[in-house]
Participant: 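Can you read through this structure? Questions will come right after.
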Number of protein chains: 2
Amino acid sequence: MTLVLTLQPDDPTPPYQQVRRQLADLITAGLLGPGDRLPPLRQLAGDLGVAVGTVGRAYRELEQEGLLTSRRGGGTRVAAHARAPEGGRRQLLEGMAAEFVARARTLGFTDEEIIVALGRQLPS
Amino acid sequence: MTLVLTLQPDDPTPPYQQVRRQLADLITAGLLGPGDRLPPLRQLAGDLGVAVGTVGRAYRELEQEGLLTSRRGGGTRVAAHARAPEGGRRQLLEGMAAEFVARARTLGFTDEEIIVALGRQLPS
DNA sequence: GGCTTTGTGTCAAGCCCTCGGCACAAGCTA
DNA sequence: TAGCTTGTGCCGAGGGCTTGACACAAAGCC
């Protein structure tokens with residue numbers, strides 16, 4: 001599949017962190033599996049409008065975490081043992097859901113309001 | 001009420017941005033209304049473990065947006081005309097919900113999976 | 001073998017953010 | 001009036017991030 005990575009300019013999060021996080025999530029969610037090849041440094045950097053070193057840093061850190069394997073001339077691929085540890089996919093989604101609900105509650109929204117808002121997004 | 005502001009150390013977002021966003025959300029959500037007083041600079045800075053100038057910057061930017069009014073010696077309060085423009089409270093929540101659902105979908109989760117995950121967080 | 005691709009490393013420069021401290025001005029309070 | 005509180009401004013120092021450029025090494029391709 002064609003990798004869809006985006007950068008949000010108004011987001012104060014450093015670009016290399018945005019790339020790093022998105023790739024990690026894609027792997028944990030299973031959209032990127034072991035052996036899948038990532039875009040070359042220069043190509044991804046060009047698409048995102050950032051310097052080569054910026055994307056390089058994201059790749060490097062993910063490799064240090066064991067999620068990617070990089071070889072000169074061979075490109076960067078998802079590591080063989082990068083599969084989420086037993087239900088990581090579900091945990092990722094539930095973490096996102098818990099985070100969203102918690103934030104809404106601290107802002108004073110009731111559970112009913114939250115459910116109504118979600119109903120507009122999901123064909124229940 | 002006692003203001004509950006928190007800083008996430010592992011979050012690469014600059015502290016002054018975190019404070020600024022949380023306060024803006026609290027006002028939009030209606031938990032902070034016109035005339036409500038915010039903690040003094042030095043107190044909030046001490047609680048969060050940041051420098052005075054850091055919190056000061058958050059206050060200053062929010063004042064420039066018209067959400068706060070600051071006076072030397074008088075403290076900082078929510079501006080009189082700071083109420084969200086007609087349904088801002090609802091829009092805030094729906095924006096959060098839309099963002100959450102969109103992110104989950106781009107990670108390959110089906111609507112059913114999303115609903116199930118939310119069901120664990122909300123007593124439906 | 002020769003060329004291209006690709007990841008890695010370095011470097012200087014600049015910008016943004018934070019810190020800690022200090023001084024100052026304006027409002028509030030006793 | 002006198003003192004405290006509070007927001008504002010400035011400063012130098014330090015750290016993190018990005019940029020742009022260049023060189024290098026290893027793998028793949030013809």
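In the text below, chain A, chain B and the rest are named by the order of the sequence lines, each starting its count at 1.
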Participant: Return yes if some donor-acceptor pair links the side-chain N/O of A:Glu113 with the main-chain N/O of A:Thr110 below 3.5 Å, else return no.
Facilitator: yes
Participant: Tell me: CG of B:Leu41 to P of C:dC19, nearest whole Å?
Facilitator: 13 Å
Participant: Kindly give the atom pairs (protein nitrogen or oxygen, nucleotide nitrogen or oxygen) under 3.5 Å for nucleotides 17-21 of chain D.
Facilitator:
residue, atom, partner, partner atom, Å
D:dC17, OP1, A:Tyr16, OH, 3.2
D:dC17, OP2, A:Arg57, NH1, 3.2
D:dC17, OP2, A:Arg57, NH2, 3.0
D:dT18, OP1, A:Pro15, N, 2.9
D:dT18, OP1, A:Tyr16, N, 3.1
D:dT19, OP2, A:Ala51, N, 2.7
D:dT19, OP2, A:Thr54, OG1, 2.6

Participant: Less than 4.0 Å between a side-chain N and a carboxylate O, is that true for A:Arg103 and A:Glu99?
Facilitator: no
Participant: Between B:Glu63 and B:Ser70, is there a donor-acceptor pair closer than 3.5 Å when you use the side chain of the first and the backbone of the second?
Facilitator: yes
Participant: Using the rule that two of Ile, Leu, Val, Met, Phe, Trp, Tyr join whenever any of their side-chain heavy atoms come within less than 4.5 Å, decide whether A:Val116 and A:Phe109 are in one cluster.
Facilitator: no
Participant: If you measure from OG1 on A:Thr54 to CG on A:Leu41, what distance do you get to the nearest 0.5 Å?
Facilitator: 10.5 Å
Participant: What residues form a side-chain contact (heavy atoms from CB on, under 4.5 Å) with A:Arg90, not counting sequence neighbours?
Facilitator: A:Glu94, B:Arg120
Participant: Can you name the atoms? Protein N/O to nucleotides 25-28 of chain C N/O, anything below 3.5 Å, with the distance.
Facilitator:
residue, atom, partner, partner atom, Å
C:dA25, O4', B:Arg72, NH1, 3.1
C:dA25, O3', B:Arg72, NH1, 3.4
C:dG27, O4', B:Arg72, O, 2.8

Participant: I need the CD-P distance between B:Glu61 and D:dG7, as an integer number of Å.
Facilitator: 16 Å
Participant: Starting from C1' on C:dC17, measure out to CZ on B:Arg60 and report it in whole angstrom.
Facilitator: 13 Å
Participant: If I take atom CZ in residue B:Arg20 and atom C1' in nucleotide C:dC16, what distance separates them, rounded to the nearest angstrom?
Facilitator: 16 Å
Participant: Would the distance check show the side chain of A:Arg77 and the main-chain N or O of A:Gly35 forming a donor-acceptor pair, the cut-off being under 3.5 Å?
Facilitator: yes
Participant: How many angstroms lie between CG in A:Leu38 and OH in A:Tyr59, if you round to the nearest 0.5 Å?
Facilitator: 4.5 Å
Participant: Atom CD of B:Gln43 to atom C1' of D:dC4: distance rounded to whole Å?
Facilitator: 15 Å
Participant: Whole-Å distance between D:dT5 C1' and B:Leu44 CG?
Facilitator: 16 Å
Participant: Give the rounded distance in Å between these two atoms: CZ of B:Arg77 and C1' of D:dT5.
Facilitator: 13 Å
Participant: By nearest heavy atom, map A:Arg42 and B:Thr76 onto DNA chain D; which one lands nearer the 5' end?
Facilitator: B:Thr76
Participant: How many whole angstroms separate atom CG of B:Leu38 from atom P of D:dT5?
Facilitator: 19 Å
Participant: How long is the straight-line distance from CG of B:Asp36 back to CG of B:Leu68, given to the nearest 0.5 Å?
Facilitator: 11.0 Å
Participant: Look at all strands and tell whether B:Gly75 reaches a base, only sugar-phosphate, or nothing, counting heavy atoms closer than 4.0 Å.
Facilitator: sugar-phosphate
